[in-house]
Amino acid sequence: GVDLDEKAVEIAKLNLLLRGIEGLQETGNTGKKMLPNLSLNIRCGNTLVSGKYEDEETESENSQLSLIFDKHSEHKSNIKALIELKDRFYLEEDNDKKDDIINQVHKHEYKINKYLNKNLEDYFDDVEKIKPFNYEVAFCEVMKKGGFDCVIGNPPYKMFSRVTGTDSKGYSDEEKIYFNKVYRDSAEYKLSMYAIFSNKAMSLMRTNGRFGYILPDSYILGFYFSKLRNYILSNFHIGRIVLLMEDFWEQASVGLPSILITSKDEGKIMKCIEALTVNEFKTGQVRNFSINQNYYRKIERNKFRLFFSQ
């Protein structure tokens, strides 16, 4: 998992540890129970800002990933060392040795990140402050195999103008320029943070991997989400869209809650589910229909028109 807030990262680690206490296993050598070290699993960083492998013929993230792991890459030895160190880390039972391995991991990560993040100086005056996060480095053992089996989340729902010098709800003009440049499949007129997060998250899936986000319903028909819809239709199988008619957002009015589930496979039939309340959804009291997602490629701006049966 990744979060920009260091406190949120520590809280997530603590919650996972508390939930895992009852299932602790005794170690084979000492007979003692050992808490897992989550330092390499839950990381701090800006998941939307990543460096780039400097190759003038390379634009997409997928080709960048293939380059960083290519046998001719100048970082091949560091990537190989990182993966070997992580394998040792997860097998090691001694906490002091684990700490030593983590220090070695960070040294190798620093070398590669320093190179990858060089291009970010074109966008940001203080690159370190923006906390860029490179998945192919922090989770190299996962990305080398093509990506994650499953990506889930509940992204921020802020939306603001793409124009610099206007209200950005906490985001800098530097970030605006970067988002507009990098997230061309989701940045449209106004910048929707949940659209950009969805764009990023789906790009991290391996073949046959799955994505699941809790989102406002605005992406279903919204005028400013046509790029995101086209990106999804062109690259993924929409497994389900769940629409809840009960608004359970506590702190803001952002639309009706929905769940979007996609996968990176050749499927085309999508299932749409509607429930009046969360309880009805839990108990299966729903309306639903299935449709070939190619239907939406014929619709103006690829709007996801949902037709529920009684």
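We use all heavy atoms of the structure for the numbers below, so side chains are in, but hydrogens, waters and symmetry mates are not.
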Please report the C-alpha distance between Lys176 and Ser161 in whole Å, then the side-chain angles of each, then the deciding distance to 0.1 Å, and finally whether the side chain to side chain donor-acceptor pair (under 3.5 Å) criterion is met. CA-CA 9 Å; Lys176 277 189 179 183; Ser161 172; 4.9 Å; no
Between Asn113 and Asn134, does a side chain to side chain donor-acceptor pair (under 3.5 Å) hold up when you go through it step by step? CA-CA 7 Å; Asn113 284 328; Asn134 297 310; 2.8 Å; yes
Given ring pair (Phe, Tyr, Trp, His ring centres under 6.0 Å), test Phe139 with Phe148 step by step and report yes or no. CA-CA 9 Å; Phe139 297 110; Phe148 291 89; 5.6 Å; yes
Residue pair Glu300, Lys303: steps toward the salt bridge (Lys or Arg N to Asp or Glu O under 4.0 Å) verdict: CA-CA 6 Å; Glu300 181 184 4; Lys303 293 182 178 180; 5.7 Å; no
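Between Ile214 and Pro155, the closest heavy-atom pair is O-CD, 3.7 Å.
The existence of a salt bridge linking Lys144 and Glu141 is excluded, since no basic side-chain nitrogen approaches an acidic carboxylate oxygen closer than 4.0 Å. Taking the charged nitrogens against the carboxylate oxygens, Asp149 and Arg206 do have a contact shorter than 4.0 Å, which makes a salt bridge. Ionic pairing of Glu10 and Lys13 is present here: one or more N-O contacts between side-chain nitrogen and carboxylate oxygen are shorter than 4.0 angstrom. Ion pairing between Glu188 and Arg301 holds under the 4.0 Å rule for side-chain N and carboxylate O. Looking at Arg43 and Glu109, a side-chain N of the basic residue comes within less than 4.0 Å of a carboxylate O on the acidic one, giving a salt bridge.
A distance of 10.0 Å separates CZ of Arg210 from OG1 of Thr262, quoted to the nearest 0.5 Å. Distance check, rounded to the nearest 0.5 Å: CG of Asp100 to CD of Glu92 gives 9.5 Å.
Residue pairs satisfying the salt bridge (Lys or Arg N to Asp or Glu O under 4.0 Å) criterion with at least one member in residues 269-281, sequence neighbours excluded, are listed as follows: Glu274-Arg287. Sorted by first and then second residue, the salt bridge (Lys or Arg N to Asp or Glu O under 4.0 Å) pairs with a member in residues 236-245 form an empty list; sequence neighbours excluded. Within the structure, the salt bridge (Lys or Arg N to Asp or Glu O under 4.0 Å) test picks out no pair touching residues 212-229 (sequence neighbours left out).
Criterion: ILVMFWY side-chain heavy atoms under 4.5 Å apart, direct or through other members. Under it, Val137 and Tyr90 are part of a common hydrophobic cluster.
Under the ring-ring contact (aromatic ring centres under 6.0 Å, His included) test applied with Phe225, the options Phe304, Tyr189, Tyr219, Tyr194 reduce to a single match, Tyr194. Each of Asn288, Leu243, Ile241 was compared with Ile273 under the side-chain contact (heavy atoms from CB on, under 4.5 Å) criterion, and only Asn288 meets it.
Classification of the Phe133-Tyr135 ring pair by plane angle, with boundaries at 30° and 60°, yields perpendicular.
Note: Phe160 and Tyr171 meet the aromatic proximity criterion, with ring centroids under 6.0 Å apart. Separation of the Phe124 and Tyr178 ring centroids falls under the 6.0 Å cut-off.
No more than 12 heavy atoms of other residues, nucleotides or ligands shown are found within 6.0 angstrom of NZ on Lys80. Heavy atoms of other residues, nucleotides or ligands lying less than 6.0 angstrom from NZ of Lys190 number 12 at most.
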